[in-house]
Amino acid sequence: MKLLYNHHSIFFSLFTRQLSLSSFPPLKPNLNSQCINGHLQESLLQMAFKGPEMIFDGYNTLLNDCVNRKAIREGQRVHAHMIKTCYLPPPYLRTRLIVLYTKCDCLGDARHVFEEMPERNVVSWTAMISGYSQRGFGFEALHLFVRMLRSGTEPNEFTFATVLTSCTGASGFELGRQIHSLIIKQNYEAHIFVGSSLLDMYAKAGKILEARGVFDGLPERDVVSCTAIISGYAQLGLDEEALELFRRLEKEGMSSNYVTYASVLTALSGLAALDHGKQVHNHVLRCELPFYVVLQNSLIDMYSKCGNLNYSRRIFDIMPERTVISWNAMLVGYSKHGMGREVVELFKLMREENRVKPDSVTFLAVLSGCSHGRLVDKGLEIFDEMVKGNNGIQAEIEHYGCVVDLLGRAGRVEEAFEFIKGMPFEPTAAIWGSLLGACRVHSNIDIGTFVGQRLVQIEPENAGNYVILSNLYASAGRWEDVRKVRELMMDKAVMKEPGRSWIELDQTLHTFHASDRSHPRREEVFWKVRELSIKFKEAGYVPDLSCVLYDVDEEQKEKILLAHSEKLAMAFGLIVASERVPIRVIKNLRICSDCHNFAKLISKFYGRDVSLRDKNRFHHIVGGICSCGDYW
DNA sequence: ATAGGGTTAG
């Protein structure tokens, strides 16, 4: 038995035998991290003579202090000292070390302490799992969780709440389901932390109904669980549902915090509901919340997606502190508005300031900004820099995609084609699609037909590809091929998301679908579009029938074209909106070139500013001229 | 002693 004690801890073990816990008054050791500088040994020694529990308590206090201040150096000293002094530090002290190391981003050290533990309990397992999941190592977290189960340790509510945050991706979700049944078996489903984590897991996997089920089953609610379900809807693009739920929960007495507002702003950005967004902004200002970067970032994004970049910039400029997301949101804003020069300028400022490191999203924003802003050489220059690896950011396939877009948009189709061939990645449908679009705009029939044939093979469900391909054949007079492609399309293509446009007037969103029959003022709107068409035709407008997906006669095509949802929304705006404000229309898909022409004509004939936001970018039209320079 | 929701891009 004696052999088990090493010489450092002999005095210690003696105490353990002679004194029981109850012989000590609950003295709190008066220790802080200052003791570490030289006095540590002495202080601990003194405490050791008061009893072994005291020395443990001393280490515990010291480590807690280090955890709170993230003082890794001091923590390491305490650790070293502890190893020298104590034989077998109790599990809770080792767990403190695990927490310290994970908080200070030293996962390796944490894992080392964990693996060296002679006996582990739920808390130490959970601390280690939480360390991995918080640092973004979901796989390791899950792996450890499975090992925990095998070891026979029962997880508790802490374990479940933390491990579920790592259940992302397809394989994570499968495990998440199994963990859910475990949770039910052990009766933790109604626990508010576990429940929030669980519903968030389902929401992030796109299973919003199951998430809602968990939420509705919670016996109590708090800010976090409410925010989790609201943001679940918002992240899936179910913006209206998110807002509706938010309103209802607020009525039912939910308290909101800055995270809730950030999620609500995400939903409002998606809808470009500027009036509502301003309301939330005002509300947030009235609350006099402390500064939260996350909230400010979502405000920047909301204003930019509502077309109000100046507001975004104002918020950006007065922020006392910015994260990479703040910069990215601002850069993406400029990029989507086609303001290439501003993108490059802000990027330059970011590097000069050198407080925040650009990440891969930054480069995506800058490259696409150059692409939309016609800054081809600048874009290529930045991409070259990336590839050389000077920035510490690996060029990913999306960055290559930006370059294809950059070249193709500028009419350098052959170059873009060669670029794709030389990529270190297998080109995706998105990449070919970008090139095909360029072939259409710049009438490159040879490359276009090649790419189009390829695309309908790897993405047979996308109707757009068939249409472009058949139009390319048509322009080459290859009518037999046109017929074949059309047949193929009828066979295989699935109608994807239906087109939808909306316009905000007096805090109400008016939504139109193509050939919409649901809006109360539909008749008026249809007649307005007709009237506009006749008027514009007199001035030389020719409908661009190549935008029509269906294989019907020309008259039918024109009818379909006139019923495009963005035309309906614009006409409605023209009827209803005050002349002082721009007609602000949002479309869920890409806007077609015929509607783009139409918008320019509205602007020209009625002296109205038109602002169109489609899936990719903004079009600000003033006096018949579009900010995209017809370059999109 | 260990725990849940959030902002950019796709």
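Proteins get letters first, then strands, A, B, ... in listed order; numbering begins at 1 in each.
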query: Which distance, rounded to the nearest 0.5 Å, do you find between the CG of L245(A) and the CG of L238(A)?
result: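 Taking CG in L245(A) and CG in L238(A), the distance rounds to 11.5 Å.
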
Spatial distance of atom CG (L295(A)) from atom SG (C287(A)) [nearest 0.5 Å]
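Between L295(A) CG and C287(A) SG, I get 9.5 Å after rounding to 0.5 Å.
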
Need one value for [X]: base, sugar-phosphate or nothing, where a base atom within 4.0 Å counts as base even if backbone is also close, heavy atoms only.
{"X": "Q235(A)", "answer": "sugar-phosphate"}
{"X": "I192(A)", "answer": "base"}
{"X": "N60(A)", "answer": "nothing"}
{"X": "Y261(A)", "answer": "nothing"}
{"X": "N64(A)", "answer": "nothing"}
{"X": "V223(A)", "answer": "base"}
{"X": "T266(A)", "answer": "sugar-phosphate"}
{"X": "K204(A)", "answer": "sugar-phosphate"}
{"X": "N156(A)", "answer": "base"}
{"X": "S368(A)", "answer": "nothing"}

Do the side chain of D359(A) and the main chain of V361(A) share a donor and acceptor less than 3.5 angstrom apart?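 Answer holds: yes.
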
Query raised in the report: Any donor and acceptor pair, going by atom type alone, linking the side chain of R135(A) with main-chain N or O of T102(A) inside 3.5 Å?
Result: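 Yes.
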
>> Within 45 degrees of the ring normal and closer than 6.0 Å to the centroid, is that where the cationic atom of R120(A) sits relative to F114(A)?
In response: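 Satisfied, under 6.0 Å and within 45°.
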
| Does R96(A) count as lying over the ring of Y59(A), i.e. NZ or CZ under 6.0 Å from the six-ring centre, within 45 degrees of the axis? |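 No.
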
Extract, from 5' to 3' on DNA chain B, the first and final nucleotides lying under 4.0 angstrom from some heavy atom of chain A.
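Counting from the 5' end, contacts occupy dA1(B) to dA9(B).
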
- Contact list for DNA chain B against residues 330-358 of chain A - heavy-atom distance below 4.0 Å: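 When residues 330-358 of chain A is checked for heavy atoms under 4.0 Å from DNA chain B, the hits, listed by number, are V332(A).
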
Practice problem: Begin with the C-alpha distance, continue with both residues' side-chain angles, and end with the deciding distance and a verdict on salt bridge (Lys or Arg N to Asp or Glu O under 4.0 Å) for R111(A) and E116(A). | Solution: CA-CA 9 Å; R111(A) 182 64 180 257; E116(A) 298 284 291; over 6 Å; no

Could you work out, with side chain to side chain contact (heavy atoms under 4.5 Å, CB included) as the rule, every residue matching K278(A), not counting sequence neighbours?
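With neighbours one apart ignored, the set is L274(A), Y303(A), Y311(A).
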
- request: Measure the acute angle between the ring planes of F347(A) and F363(A), then classify it against the limits of 30° and 60° as parallel, tilted or perpendicular.
  value: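 Rings of F347(A) and F363(A): perpendicular, as their planes differ by over 60°.
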
